[in-house]
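Since the structure comes first, as structure tokens, the remarks are kept for the end.
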Protein chains: 2
Amino acid sequence: MTLSSYTNEDKVLLAVDCIIFGFDSEELKLLLVKRGFEPEKGKWSLIGGFLKKEENLDIAAARVLHHLTGLHDIYMEQLYTHSKVDRDPADRTLSVAYYALIDIAKHDKELIKQNSAQWFPLKKAPELIFDHNEMVKRAMARLKRRALSKPIGFELLPEKFTMRQLQKLYEAILGKKLDKRNFISKFNSFDILIKLDEKDMSSSKKGAFLFKFDEEKYSRKVEDGFNFKI
Amino acid sequence: MTLSSYTNEDKVLLAVDCIIFGFDSEELKLLLVKRGFEPEKGKWSLIGGFLKKEENLDIAAARVLHHLTGLHDIYMEQLYTHSKVDRDPADRTLSVAYYALIDIAKHDKELIKQNSAQWFPLKKAPELIFDHNEMVKRAMARLKRRALSKPIGFELLPEKFTMRQLQKLYEAILGKKLDKRNFISKFNSFDILIKLDEKDMSSSKKGAFLFKFDEEKYSRKVEDGFNFKI
DNA sequence: TAAAAAAAGTGTTTATTAAACACTTAAAGA
DNA sequence: TCTTTAAGTGTTTAATAAACACTTTTTTTA
């Protein structure tokens, strides 16, 4: 077989942009950077970078995220490829949006400061460059959808968490208040949490039991086709 | 503001590949082409083409589809961007998968013959080149998901259809038998069908009433946030 | 040291939705 | 006129979702 090459076709620049979500026990946050180069220098932006020849997109997105936060092995998912012809005034560039869920306590605070990055509550995030606002909107919609069908939220929580934190997180993602008793009994029916003997004393006098996610039970249930619909 | 250009970054070829679904009253079908050039010449493939500098992806996908079928204004949706480094042995190429839903009766039969394209029942489709099998799998999953949350199926049916055809379509998409009475009462509860005075006599002696989709009512319900969950 | 405050924890009832189920009707063809 | 074939039509039961309020524990304060 002869390998011909597609010599007469147009080539384009391909960027990846990451919508990085965090959660601080109260609200969802977004990690943004102040752009250090033209065009749109000084404005807020998602973190991004260009795909290199020897990478696939997942690798490129992980590299970009690692570069900003120092974190490895982060939950990321490809969202959508944005291609409006004039989306970047500097050059014909397409961008593949990825979203990432990280435990807000874990990233390298020095590193993000060096990169002039900053956490913003989702509702108070500034206007972003190019089509980044649309990317965030899409990411939010996907996150909501995922949260309703699998227990994705654990990526955003510390290893040990209280039921209240878990509920607050779901409330933040879904954008509505949930009933405490219904939420807990729903979640208990999944049977994927381990109740610890420890209590978290930071938010009440009585203290609240800590739980952790039982990855093993979870994987088994996924294999069995269990439905985690909230 | 000075527009700098990203001069040192790698550029890549970007293809679009279309998963084209049709429905023939019995089963879902896929429109495939026999590839006329190397690499993998003579094997079956999704239809595809390269993104041109002056197009966005939606336009490119529509162009590719129109070129094969002669059809305009087809329901298409971007699915996923495939980026494995060696996915195309000829050149470093990424591909954005789109899926399309068309009324199998409408396309230009001559044109597809000229392009050595052919309809295959989904279950009897041949092995495809590159990562096209994976693309089809993803498309099928998306179609299933969409069918459960909005009445997407009308794109696959002729303008007038019987309730039986509609049910068969959903059965084909969801991959399971549905109860006739439950299906009809569910669909009636959406209140987006117009019952015509005509009957289709082709499949029974009694004849079955024809219906058509009420786009106007549907749009109003979408605006009101109505949930079309099957 | 008793009362107030503050969040944790815990079940039951009711409403809604989904699933299971079978006979009658209409018309053509033998 | 009897047989055949698919169309058409409601009700009952099961499962899931939603609504709902009081008790417990411990610290702080009067």
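Per chain, numbering begins at 1; letters A, B, ... match sequence-line order. Only this structure's heavy atoms are used, side chains among them; waters, hydrogens and symmetry mates stay out. Only a predicted model underlies this, so the values are computations on that prediction, with no experimental measurement involved.
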Just list the side-chain donor-acceptor pairs under 3.5 Å for residues 122-133 of chain A, sequence neighbours left out, or say none.
{"unit_1": "A/Glu127", "atom_1": "OE1", "unit_2": "A/Asn133", "atom_2": "ND2", "d": "3.3"}
{"unit_1": "A/Asp131", "atom_1": "OD1", "unit_2": "A/Arg87", "atom_2": "NE", "d": "3.4"}
{"unit_1": "A/Asp131", "atom_1": "OD1", "unit_2": "A/Arg87", "atom_2": "NH2", "d": "2.9"}
{"unit_1": "A/Asp131", "atom_1": "OD2", "unit_2": "A/Arg87", "atom_2": "NE", "d": "2.6"}
{"unit_1": "A/His132", "atom_1": "ND1", "unit_2": "A/Leu46", "atom_2": "N", "d": "3.1"}
{"unit_1": "A/His132", "atom_1": "NE2", "unit_2": "A/Asp17", "atom_2": "OD2", "d": "3.4"}
{"unit_1": "A/Asn133", "atom_1": "OD1", "unit_2": "A/Leu128", "atom_2": "N", "d": "3.4"}
{"unit_1": "A/Asn133", "atom_1": "ND2", "unit_2": "A/Leu128", "atom_2": "O", "d": "3.4"}

Only counting residues at least two apart or in another chain, list the ones meeting ring-ring contact (aromatic ring centres under 6.0 Å, His included) with [X].
X        : result
B/Phe183 : B/Tyr170, B/Phe187
A/Phe161 : A/Phe154
A/Tyr75  : none

Report the distance from atom [atom1] of [X] to atom [atom2] of [N], rounded to the nearest whole Å.
X        : N      : atom1 : atom2 : result
B/Lys186 : D/dT9  : NZ    : C1'   : 18 Å
A/Lys177 : D/dA18 : NZ    : C1'   : 17 Å
A/Phe183 : D/dA18 : CZ    : P     : 14 Å
A/Lys176 : D/dA18 : NZ    : C1'   : 11 Å
B/Met163 : D/dA7  : CE    : C1'   : 12 Å
A/Glu26  : C/dA7  : CD    : P     : 11 Å
B/Asn227 : C/dT17 : CG    : P     : 10 Å
A/Leu166 : C/dG9  : CG    : C1'   : 15 Å

Each nucleotide of nucleotides 20-30 of chain C classed B (base within 4.0 Å of a protein heavy atom), S (only sugar-phosphate) or -, in 5' to 3' order, makes BBB--BBBS--
| said: Once salt bridge (charged side-chain N to carboxylate O under 4.0 Å, His left out) is applied, do any residues pair with B/Glu26, and if so which ones, sequence neighbours excluded? | reply: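 B/Lys168.
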- [ ] Find out whether the Lys NZ or Arg CZ of A/Lys195 is both under 6.0 angstrom from the six-membered ring centre of A/Phe211 and within 45° of the ring's axis.
- [x] no
Exercise for the section: Ignoring backbone atoms, establish whether A/Lys229 has a side-chain N or O less than 4.0 Å from OP1 or OP2 of D/dA17. Expected result: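 Yes, within the criterion.
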- Task: For B/Thr162, answer base if it contacts any base atom (sugar-phosphate contacts may also be present), sugar-phosphate if it contacts only those atoms, and nothing otherwise; contact means non-hydrogen atoms under 4.0 Å.
- Result: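 The residue B/Thr162 makes no contact with any strand.
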